[in-house]
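Note that this is a predicted model, so its numbers are computed, not measured.
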Amino acid sequence: SKIDLIDTFLFMATSNLIVGCYIISILPKQFLLLFAKWIISFLFNVKVNGLDNYEKLGDKRAIIVANHQSFLDVVLITLFVEENLSFAVEVLISKKWWMKPFMKMANTYPIDSRSPMGIKSLINLVKAGKRIMIFPEGRITTTGAMMKIYEGPAMIAEKTGAEILPIRIDGAQYSIFSRLRRRVDRKLFPEITLTILPPKTIEIDNNLTAKQKRVEAGNKLYNLMIELFYNSENSNETLVDALFKAKRKFGGRHIILEDINFRPLTYNGMLLKSF
């Protein structure tokens, strides 16, 4: 009968899913990473620019920083930049159920950022030769722009003599894995680009007090992140090209101009929208 046929297909599909999950669980991690890289590269058409900047680091101590766009960010950097990076993850976030798959795929290092011992443990990790990855914003953006930048990575670099390697993630904010629901036209598989810039050294005046050092470290890291966005943009893009690009990203009815109070600007009574 028709119902029996549907039940049979459901049973077969469920059985295949269970068997598939079991096979994946017993496969070597290296194979899983290669398979995941192929899948994500295919689905999101991932492009990596400036990978040679990472390779130039050689054996130098380094701290990798990146803007935080989505839940995919850890996986993207693990698969397309360096699989052996240690990712600093807030303890409270590491305990969330949705973080479990990412925690297994990458080398994560839970820390309590509210405790001075959290930063100290990362300093010791870098001094021991481990290369760590930190998101200076501390959390995934909810606006599409940069969130508050914390001084932790700069302080660690100053204490260890490590260089800071900035990476820009672009495109992941338009995926369903971002936190921009209702803000942008999210897509199932948007194109994603990783841009790696040359490493930078952050120097802090030793004559400053501890509080002043933290402030200076935060300011210098903020400036570095601003440079990351500026230097990774296509400076040859025309205004018309940018307008059509905005339409592809946000949709044809998205308001493109607002005043300082976030009110849509108009021209002869017409809302200015991408066309």
Side chain proximity check, Phe87 to Thr78, heavy atoms < 4.5 angstrom: yes

Contact check, side chains of Ile156 and Leu125, non-hydrogen atoms, under 4.5 Å: no

Nearest-0.5 Å distance that lies between atom CG in Asn223 and atom CD1 in Ile149: 10.5 Å

Lys220 side chain to Glu203 backbone, donor-acceptor under 3.5 Å: yes

Candidates Thr195, Thr193, Leu72, Leu194 - the one meeting side chain to side chain contact (heavy atoms under 4.5 Å, CB included) with Ile169: Leu194

Any donor-acceptor N/O pair, Ser70 side chain to Ser178 backbone, under 3.5 Å: no

Min side-chain heavy-atom separation Ile167-Leu197 under 4.5 Å: no

Between CD1 on residue Ile140 and CG on residue Leu180, distance to nearest 0.5 Å: 9.5 Å

Pair Lys200 + Glu227, salt bridge at N-O below 4.0 Å: yes

Donor + acceptor pair across side chains of Ser121, Asn124 (<3.5 Å): no

Side chain to side chain, Lys187 and Tyr174, heavy atoms closer than 4.5 Å: no

pair Ile192-Asp170: side-chain heavy atoms closer than 4.5 Å: no

His68 and Phe135 aromatic ring geometry - parallel, tilted or perpendicular at 30°/60° bounds: parallel

Point-to-point distance, once rounded to the nearest 0.5 Å, from CG of Asn67 to CG of Asp73: 7.0 Å

Approximate separation, where rounding is to 0.5 Å, of Phe44 CZ and Phe80 CZ: 9.5 Å

Between CZ on residue Arg214 and CD on residue Gln212, distance to nearest 0.5 Å: 10.5 Å

Min side-chain heavy-atom separation Leu76-Val81 under 4.5 Å: no

Glu137 side chain near Tyr150 side chain, heavy-atom distance below 4.5 Å: no

CA sep, side-chain torsions, deciding dist, call: Asn84, Arg131, side chain to side chain contact (heavy atoms under 4.5 Å, CB included): CA-CA 8 Å; Asn84 293 318; Arg131 197 162 280 177; over 6 Å; no

Leu85 vs Ile77 side-chain heavy atoms within contact, under 4.5 Å: yes

Pair listing, side-chain hydrogen bond (donor to acceptor under 3.5 Å, both in side chains) test, anchored in residues 158-168, at least two apart: Arg168-Ser232, Arg168-Glu233

Criterion side chain to side chain contact (heavy atoms under 4.5 Å, CB included) on Met146 and Phe229, from CA distance to verdict: CA-CA 10 Å; Met146 277 197 308; Phe229 277 78; 3.7 Å; yes

